[in-house]
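Right, one structure below, let's go through it.
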Amino acid sequence: MGAYADTYERSINEPEGFWLEAARGVSWTKAPTKALDDSRAPLYRWFPDGELNTAYNALDRHVESDRGNQAALIWDSPVTSSQRTYTYTELRDEVARFAGGLRSLGVGTGDRVIIYMPMVPEAVVAMLACARLGAVHSVVFGGFAAKELAARVEDAKPKAVVAASCGIEPGRVVEYKPIVEDALATTAHQPDHVLVLQREAAPCTLTDRDVDWTDLMSGAVPADPVPVAATDPLYVLYTSGTTGKPKGVVRDNGGHAVALAWSMGAVYDIHPGDVWWTASDVGWVVGHSYIVYAPLLVGATTVLYEGKPVGTPDAGAFWRVISEHGVKALFTAPTALRAVKRVDPDAAELAKYDLREFTTLFLAGERLDPETYHWAHEHLGVPVVDHWWQTETGWPIAANLRGLEPMPVKPGSATMPVPGWNVQILDQDGRRLPAGQEGAIAIELPLPPGTLPTLWGDDERFDDERFTEAYLSRYDGYYLTGDSGYLDADGYLFVMGRTDDVINVAGHRLSTGSMEAVLAAHPAVAECAVIGVADRLKGQLPRGFVVLKASVEITEDRLRDDLVEAVRSEIGPVAAFREVSIVPALPKTRSGKILRKTMRGIADGRDEPVPSTIEDPEVLTALEPVLRTDR
Ligand code: COA
Ligand code: AMP
């Protein structure tokens, strides 16, 4: 058997031995004697008797093993014309001091801290400082508006919020502090402190409960890493589900450190001293796992980039970063490449840079369309590796294992299930489908270490019930991914799209359900549906269809302006919601369910079968020209 087949088989058939061996890749204050705790199946925990500190593993142990002078983090910020490099010693010291500062404000093990910051090194410092104390961070992406931030504050009940005064987007400065204030003005839960990093582009006024980052750091006593149980939560990251209420995905300490360190070598072929760049945002899971934790856990150098792929200053921005910092591999979303391709279709900018160190491009977060794959492969001349995973899983489910056994690439496929992941394709009744047939992609339980053990509940405890209901109840013994797809005869996985109302806009996961809730609140709206339709740049864009209340008079333009503004201010600019059509009626089943999937299929130009349960076929016929309108 090859290395992949051998490793995969062992991971599935002997998970205990496999993961205890992988656990040697991290340092424990109390080494685990057992890998899997299945005493509460279908709820599983990993390394139940292990103890460790994640920040110690990400920083201190590299300083102790002579990597203190190696760059741990390179911040490259074309939007502020700045760069800063932290060695492992410097980053450890910053983190220890900020952890001491947090402790002086009363933050301790198990307390939650919300981090609402742009792509600045202090965001990474804040995350690792929480990990050092055993506090639980919850990072909120800066493109979310006050209401989304408020929902997370209410659910996580943080002792402190860490924010920056502003973020910098192309052509505008986004003031974060007023967004934090607006959010906290509406929440019943109030944090004791708001810590503020003042940025030159837009410093803010501090109020009584605010603490200035620099002041806190100047008087802080460095804190040592606090050992925690492997099963204690490291972070909660909220993600969109089918309903408006985001799900708080819980990540533990032990399984997370083991799985991420393992993946860095086996999947990405990144090792101590390599320079690695993930162009995403710390507010997303890709940022948590592969900007912050995984590269630092293995002693690599991570690049933190504050800017867009184009326009900072030109279409060569990505190639400049790769060449300037000697990046070995880049991980980003296909959208970023489409943005580059749009302004530089022949990749002329590439010729200006020396990309000799660059070996691999990894893409994930949304479907990789073959056109973008071929463009990247042709121009970069390195393997372009699509891989598939989710916020819930924390690390790749299917990938081309570049560090274990590189495999031939099939465009359109995320390649093979990664060791640890028993991927099955199921039909409606839970029967396994043969190769080539599309169905629900499900993972046979238990999920490997590093995956969500449960969801966060809004009363300061784990919500096993919501977790079970959302992911484990559809198919007995399986985790439901929410994606559909098929395995081909060689075992390659093809991910075709979501089976629920989650959409993916520029690699950002959003819920159409929460957009519908915003639209429905408008006084003129009787009924509405939001669907994700194909978009050449962002992969998908949301599109709203609205039925007006009887006797309401409003123009489509006026309604669109209102609704676009409402989504922007309640969910955030990241939703990129711009399109609204007023329609006479929405197509429904006889039981009243809106036929969103059928609408989506027609809008994307597919031959979508019309369900036999449709109530009034003429409504759909009338809607077809609107759905097919080329936007
Ligand atoms: N803080 C505040 N606002 C933000 C923000 C942040 N952190 N991130 C995005 N926004 C705003 C943008 O300014 C934009 O506002 P606008 O409507 O006023 O222009 C809006 O949210 C949409 O942002 P975005 O989707 O990023 O679109 P864009 O046109 O600015 O950039 C791309 C398009 C393709 C360049 C960009 O989406 C990109 O680089 N995507 C990479 C994908 C990625 O990182 N995915 C993460 C998972 S891997
Ligand atoms: P997120 O939780 O934000 O990482 O989004 C996860 C979802 O993005 C998945 O459930 C998929 O629908 C989609 N996705 C992520 N990576 C890929 C990929 N490589 N191919 C197709 N879809 C993907």
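Side chains included, hydrogens not; waters and symmetry mates left out as well; all remaining heavy atoms used. Both ligands and their constituent atoms are indexed starting at 1 by order of listing.
Judged by distance alone, the side chains of Tyr478 and Gln424 never bring a donor and an acceptor atom under 3.5 Å apart. Side-chain atoms of Ser138 and Arg152 include no donor-acceptor pair closer than 3.5 Å. Residues Tyr238 and Asp155 have side chains that bring a donor and an acceptor to within less than 3.5 angstrom of each other.
Under the 30°/60° scheme for interplanar angles, the aromatic rings of Tyr235 and Tyr293 are found to lie parallel. Ring pair Trp276/Tyr290 is perpendicular by interplanar angle, where above 60° counts as perpendicular and below 30° as parallel.
Here atom 8 (O) of ligand 2 lies nearest to Asn504 when heavy atoms of Thr415, Thr481, Asp386, Asn504 are compared. Distances from atom 16 (P) of ligand 1 to the heavy atoms of Lys308, Arg568, Glu306 show the closest one on Arg568. Selection from Arg578, Lys538, Glu366, Arg338 by nearest heavy atom to atom 17 (O) of ligand 1 gives Arg578.
Here is the list of ligand 1 atoms found below 4.0 Å of a heavy atom in Tyr176: 1 (N), 6 (C), 7 (N). Counting the atoms of ligand 1 from 1 in the order shown, those under 4.0 Å from a heavy atom of Thr335 are 34 (C). Taking a cut-off of under 4.0 Å to the non-hydrogen atoms of Pro309, the atoms of ligand 1 that pass are 35 (C), 39 (O). Listed by number with element, the atoms of ligand 1 under 4.0 Å from a non-hydrogen atom of Gly507 are 45 (N), 46 (C), 47 (C).
Where the criterion is an N or O separation shorter than 3.5 Å, residue side chain and backbone included, Arg172 meets it with respect to ligand 1. Checked by distance only, ligand 1 and Gly142 come closer than 3.5 Å through their nitrogen or oxygen atoms.
Heavy atoms of Trp284 found under 4.0 angstrom from ligand 2: none, in either backbone or side chain. Here His387 has backbone heavy atoms under 4.0 Å from ligand 2, and that is the only part of it that gets that close.
Using a 4.5 Å heavy-atom cutoff, the side chains of Gln83 and Ser77 are not in contact.
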